Amino acid sequence: MINLTIGSGLNDVTTEEVEVPHWVRGTETLEMLQPHYKKVAIIGLGPSISTPSKGITAELLVVKTFKELDSLNKEDVEGKIVLFDEHYTSYGETVVYRVQAASKAARKGAVASLIRSVTPYSLYTTHTGSQHYDNDIPRIPTAAITVEDSHLLRRLFIRKNKIVLKLKMESTHDTQKSRNTIIDLKGAVDPDKYVIVSGHIDSWDVGQGAMDDGGGMMISWFAPVILNHLQLHPKRTVRAILWTAEEPGLVGAAQYLKRHINELDKINFIMESDEGTFEPLGLEVGGSKDAVCIIAEILKLFTPIDKLKVSKNPGSDIVLFINKGIPGASLMNKNDKYFRYHR
Ligand SMILES: [Zn+2]
């Protein structure tokens, strides 16, 4: 039987401290006061600021795109809450609305911003995630609502109803110490060269983190553990890294990169699993043409999980390393039902 406690049979388990943002949501409510009363489900986007304790009561403006907002006069936006009822294409494309909504709306004078949850699937489900405040404009509270309510508010808006919302949000924000966890199976020939497998250990507060990214973290941790259990001795060191603080913006990976910046030439390949752990199909690969050719050859040995997709951004944490010229890949899997589990 395999001992599945961390580092089981592997003595090289270390941690590296990382200072991480620590944002804690409090009560969050949204009510429609006009044209009729309705409670609207919301979820704050981290690290949103709080509203004043009495909340923000303001008229709603609904747009579909940043371009549509840009085309409006500032007077038409000032003092309002802006809802982006953006169309979902893919997570990678649509997520810019979550990340940039607050700053785009604030630039036009809005007092708060809402987005339609970034998901292709909804059972009145709110989806959180991180967002970014630009430094040169005031910060405004920002949250996601469900696809269903976003559609409802848009319909009311295009029928020329005056929509008045009351938004209340509370949160606290400071920094705390966390850690990246590193598990090594030392290489038999080149112990100073690394093949890294990784996943992130943090998750949003409203879920358990089982899908994002408990599964990815587990399969990465198991790579050196199972190789060791099977007494297989890889040429290079297989290093599993469990990143901390991916969700607030790749904080753990950025810290690792900074700390190991003089050793990057020792990383021969870096992998990640952070897009679900369903039936594996192959790899989504980033790197030079030569690297992609080598990976394509290696993948032939893995039939039937031999699919290869070349991408500029194959992953989240590992993209920091791929941008430094290190070849990398993410697990490509049959994750079309990912958003039935993801929040
Ligand atoms: Zn993730």
Side-chain angles (χ1 to χ4, degrees), residues 18 20-25 43-48 88 90-100 115 117-121 125-132 144 176 178-183 196-223 239-257 270-281 283-286 309 311-323 328-343:
V18 187
V20 300
H22 178 239
W23 178 80
V24 179
R25 85 177 72 242
I43 197 159
L45 303 175
S48 174
Y88 182 93
S90 68
Y91 188 74
E93 269 180 24
T94 314
V95 80
V96 294
Y97 280 89
R98 190 190 75 213
V99 177
Q100 298 177 15
I115 58 158
S117 286
V118 180
T119 175
Y121 180 83
T125 331
T126 51
H127 289 253
T128 189
S130 67
Q131 62 88 30
H132 175 78
Q176 294 218 344
S178 181
R179 288 167 184 80
N180 288 322
T181 302
I182 299 168
I183 304 138
I196 294 175
V197 286
S198 69
H200 67 87
I201 206 162
D202 63 310
S203 78
W204 284 97
D205 53 339
V206 287
Q208 300 302 314
M211 182 61 72
D212 184 9
D213 181 31
M217 186 201 81
M218 288 292 285
I219 60 175
S220 303
W221 158 17
F222 278 21
R239 167 168 283 187
I241 304 181
L242 314 183
W243 311 109
T244 187
E246 185 270 352
E247 298 291 358
L250 321 183
V251 180
Q255 176 62 27
Y256 184 92
L257 182 68
I270 186 161
M271 295 179 74
E272 177 176 7
S273 169
D274 188 17
E275 289 166 25
T277 40
F278 300 88
E279 187 186 327
L281 299 173
L283 293 177
E284 190 173 334
V285 181
K309 184 178 161 193
S311 162
K312 269 195 182 141
N313 289 311
S316 59
D317 284 309
I318 62 168
V319 171
L320 299 182
F321 299 83
I322 291 169
N323 288 342
S330 270
L331 172 69
M332 189 166 42
N333 63 116
K334 223 173 166 183
N335 65 355
D336 38 314
K337 295 201 170 97
Y338 186 56
F339 283 93
R340 298 190 182 197
Y341 304 95
H342 186 270
R343 217 184 149 196

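Reckoned from all heavy atoms, side chains included, excluding hydrogens, waters and symmetry mates. Everything numeric in this text was worked out from a predicted model, so none of it was measured. Residues: numbered from 1 along the sequence shown. Whatever order the structure lists ligands and atoms in, that order sets their numbers, starting from 1.
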### Message
Any non-hydrogen side-chain atom of Glu284 less than 4.5 Å from a side-chain atom of Glu275?
### Response
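Counting from C-beta outward, Glu284 and Glu275 do come under 4.5 Å.
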### Task
Measure up the Trp23 and Trp204 rings against each other and bin them: parallel (under 30°), tilted (30 to 60°), perpendicular (over 60°).
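Rings of Trp23 and Trp204: perpendicular, over 60°.
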### Task
Determine the sole option in Ile270, Ile241, Asn323, Leu250 for which the side-chain contact (heavy atoms from CB on, under 4.5 Å) test with Ile318 is passed.
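Single pass found, and it is Ile270.
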### Distance-only polar pair, side chains of Ser48 and Gln131, donor-acceptor under 3.5 Å
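Note: Ser48 and Gln131 side chains miss the donor-acceptor criterion.
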### Query
What's the shortest heavy-atom distance between Leu283 and Met271, and which atoms?
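Taking every non-hydrogen atom into account, CD2-CE, 3.6 Å.
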#### Entry: Environment of the Zn ion (ligand 1) in terms of protein N/O/S atoms, cut-off under 2.8 Å
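Result, waters dropped: His200 NE2, Asp212 OD1, Asp274 OD1, Asp274 OD2.
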### Query
Considering residues, nucleotides and ligands other than Tyr341, do more than 12 of their heavy atoms fall under 6.0 Å from its OH?
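No - once you tally the heavy atoms of other residues, nucleotides and ligands closer than 6.0 Å, there are 12 at most.
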